[in-house]
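Values below: all heavy atoms of this structure, side chains included; hydrogens, waters and symmetry mates excluded. So you know, we letter chains A, B, ... as the sequences are listed, proteins then strands, and number each from 1. Worth saying up front: this structure is predicted, and the values here are computed from it rather than measured.
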2 protein chains.
Amino acid sequence: MKDNRTFFCNGKPHHMERFLEVCLLLLLYDEIGYGYGLIEQLASFGFSEAGLNMSTLYRTLRKMENEGLVTSQWEEGGQGPKRRVYEITKDGKNELDQWIGILKIRKSRIEVLINQYDEKTT
Amino acid sequence: MKDNRTFFCNGKPHHMERFLEVCLLLLLYDEIGYGYGLIEQLASFGFSEAGLNMSTLYRTLRKMENEGLVTSQWEEGGQGPKRRVYEITKDGKNELDQWIGILKIRKSRIEVLINQYDEKTT
DNA sequence: AAGACTATATGTATAAAGAATATAGTACTG
DNA sequence: CAGTACTATATTCTTTATACATATAGTCTT
């Protein structure tokens, strides 16, 4: 009998709101990048190559462009299919700085919860 | 000139997926509780009394009941308006245990990102 | 009697993300 | 050179979590 998911929290998507977006801003912080190529770099942030959703990745990049956080252009000559290459903007860097603050708060809220859990269960 | 939100990440909802649900499971872990009364207890997890959304709170509790994580009943005699009192189930406790593991992963992913940010910006 | 507070609930809207699918060019391989 | 695998981007549809607004009603205080 296969895993029949007793726990609702096993029901797949354990994403953290906008986390992908922040990772992308950080990866683009000091060098340009393109969608497909960013996949392997995202692995260090816990995005499995299997699990990462391409549609989400591309859509997020285009959304960030609409918001003025990055700019893009088609890569000039180069082998293989053309790549849309993204570059971070000043606004994008500011946005990242703000997000870091928010992530520190998120982290501490998680810590508080884990600590209270440990207190109750030991 | 008012704050005109230069940063998209200031655009309000900095929720973490399902975090409220996990907090509720923990609060109900060793004692029963009801919606309105849980508000002040949620403050310790970073939910401001102003910011916390009652519709989300009540809806989340009912959803948890549908999923079998909690049970509820109207409180017998007692002053004030009637309260729907929630009690955690065995499934609910198992679910919380699972969530704690997920939150530890989330926390470490955030740490990785913050560390990489610090490396790049110092 | 008026107003503040306690308490729960629902209808509608929005935003983030997943699943599935479409489209093509390039590289390798026999 | 035909077939296959890989690189690369994009769109449509759907689901999920949450916010916003509003409704309802009992209780307490003055």
d([atom1], [X]; [atom2], [N]) in whole Å:
| X | N | atom1 | atom2 | result |
| --- | --- | --- | --- | --- |
| A:W74 | C:dG25 | CH2 | C1' | 11 Å |
| A:N53 | D:dT12 | CG | C1' | 13 Å |
| A:E17 | C:dA17 | CD | C1' | 11 Å |
| A:E21 | C:dG18 | CD | P | 14 Å |
| A:Y36 | D:dA10 | OH | P | 15 Å |

Does B:E65 use its side chain to pair, donor to acceptor, with the backbone of B:S72 at less than 3.5 Å?
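Side chain of B:E65 to backbone of B:S72: a pair is present.
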Main-chain N/O of A:L26 paired to B:K120 side chain as donor or acceptor, under 3.5 Å:
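It does hold such a pair.
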Per-nucleotide protein contact along nucleotides 23-30 of chain D, 5' to 3', at a 4.0 Å heavy-atom cut-off (B base, S sugar-phosphate only, - neither), is ---BSS--
Determine the contact category for B:R59: base if any of its heavy atoms lies under 4.0 Å from a base atom, sugar-phosphate if only primed atoms, P, OP1 or OP2 are that close, otherwise nothing.
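Counting heavy atoms under 4.0 Å across all strands, the contact made by B:R59 includes a base.
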With a cut-off of less than 4.0 Å, is there a side-chain N or O of [X] near OP1 or OP2 of [N]?
| X | N | result |
| --- | --- | --- |
| B:Y34 | C:dT8 | no |
| B:Y58 | C:dT8 | yes |
| B:S55 | D:dC20 | no |

The side chain of B:R84 lies closest to which of these nucleotides: D:dA10, C:dA7, C:dA9?
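Within the option list, the nearest is C:dA9.
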